[in-house]
Amino acid sequence: MKNYIDFVADASWNTLKGLWVTLKFLFLPSITVQYPTEKIVPYPRFRGMLAYDAELCIACGMCVRACPSRCIALAKAAPPPAPPPAADGQPAAPAVKAGPKIEWYTIDYGRCNFCGLCEESCPTKPKAVWHSLDYEAVFSTREEMVRRWKRGDGPWGTVKRSADAQPSAISDQIHIQDMPVRK
Ligand code: SF4
Ligand code: SF4
C-alpha cells in the first residue's frame, strides 16, 4: 500500500511540474511562427538569394573573377555610337559620357555556395550585386536555377522555365523583404 501511495504522489508531483512549465510559457510571447503565412526576417548580414542592379553595374567583371564556383557570367554592351560629325561652322555635339554597361548578366544558383565574394568584390556604391534576405527559392528544373538579367530587368531578374522558353520575370518567389517585420 505504501508503495502505491508513493507512486501516486510521485506521478502527481511530476504532472504538476510539467503543468507549471506549461503555465510559465503560456503568457510569454510565442517563439514559433505560423510558416508559411508568417516568416522570420533574418538578420541584416544574412546571405540570401542574390539580387542584381543592371543600371548600377559597370561591367567590370570583378564578381566573375572573385566567384570561386564560376557561376557568374556577363557580356559587356557595345559602346554607344559616336556623336554625328559637326555641321559646317557648328561646334561638334559633346560626346555623352556613359560608363560601360552590361548586355546580359547571369547567376547560376545550381553552383552558387552563397559565399558573398561577388558582393564583396563589387566596386560600385551601392553594390550592383548583393545578397538579399530572401531564403526561399524553389527550382523545378536545372534551367530555372540560372537567373538572367538585361538592362531594365528588376533586381530578381528573369528565368527560363525550360531550355527553349523565353525568359520570364520571377513571379512565384516570395521576397522576405516584402513580409512585415515580426515584432
Ligand atoms: S555568392 Fe559566392 S559562389 Fe555565389 S555567385 Fe557570389 S561569389 Fe559566386
Ligand atoms: S556586379 Fe559589380 S563586380 Fe560584377 S560586373 Fe557589375 S560592377 Fe563589376
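Atoms within a ligand are numbered from 1 in the order they appear, just like the ligands themselves. Quick note: numbers below take in every heavy atom, side chains included, and nothing from hydrogens, waters or symmetry partners.
With a 4.0 Å heavy-atom cut-off, ligand 1 is reached by the side chain of H131 but not by its N, CA, C or O.
Numbered from 1 in the order shown, with element, the atoms of ligand 1 that lie under 4.0 Å from a heavy atom of C71 read 3 (S), 4 (Fe), 5 (S), 8 (Fe). Every atom of ligand 1 with a heavy atom of I72 under 4.0 Å away is listed here by number and element: 5 (S). Atom numbering of ligand 2 starts at 1 in the shown order; those under 4.0 Å from a heavy atom of L74 are 5 (S). Annotation for ligand 1: atoms under 4.0 Å from non-hydrogen atoms of G116 are 1 (S), 2 (Fe). The ligand atoms of ligand 1 that sit less than 4.0 angstrom from a heavy atom of C115 are 1 (S), 2 (Fe), 3 (S), 7 (S). Residue-ligand proximity, F114 to ligand 1, at heavy-atom distances under 4.0 Å covers atoms 1 (S), 4 (Fe).
The nearest heavy-atom contact from the protein to atom 8 (Fe) of ligand 1 is C67 SG, 2.3 Å. Among all non-hydrogen protein atoms, the one lying nearest atom 5 (S) of ligand 2 is G61 N, 3.3 Å. With hydrogens left out, the protein atom closest to atom 4 (Fe) of ligand 1 is C112 SG, 2.4 Å, a heavy atom.
The other members of the hydrophobic cluster of M1, by chain and number, are I5 (side-chain heavy atoms under 4.5 Å, ILVMFWY only).
For the atom pair CZ of F7 and OH of Y4, the computed distance is 8.0 Å after rounding to the nearest 0.5 Å. Atom CD1 of I58 and atom SG of C122 lie 7.0 Å apart (nearest 0.5 Å). Atom CD1 of I107 is separated from atom CG of L50 by 4.5 Å, given to the nearest 0.5 angstrom.
Checked against side chain to side chain donor-acceptor pair (under 3.5 Å), E143 has the following partners two or more places apart in sequence or in another chain: R148. With sequence neighbours left out, K2 forms a side chain to side chain donor-acceptor pair (under 3.5 Å) with D6.
Under 4.0 Å is where a charged nitrogen must lie from a carboxylate oxygen, and between K160 and E144 no such pair does.
Put simply, the residue from V146, T158, I72 that forms a side chain to side chain contact (heavy atoms under 4.5 Å, CB included) with T106 is V146.
The backbone N or O of C71 lies less than 3.5 Å from no partner atom in the side chain of Y109, so there is not a single donor-acceptor pair. Formation of a donor-acceptor pair under 3.5 Å by the N14 side chain with backbone atoms of A11 is not found in this model.
Not a single heavy atom of D108 sits closer than 4.0 Å to an atom of ligand 1.
For atom 2 (Fe) of ligand 2, protein N, O or S atoms closer than 2.8 Å were enumerated as C122 SG, with waters left out.
Under the 4.5 Å side-chain heavy-atom criterion for Ile, Leu, Val, Met, Phe, Trp and Tyr, M145 and V64 are members of the same hydrophobic cluster.
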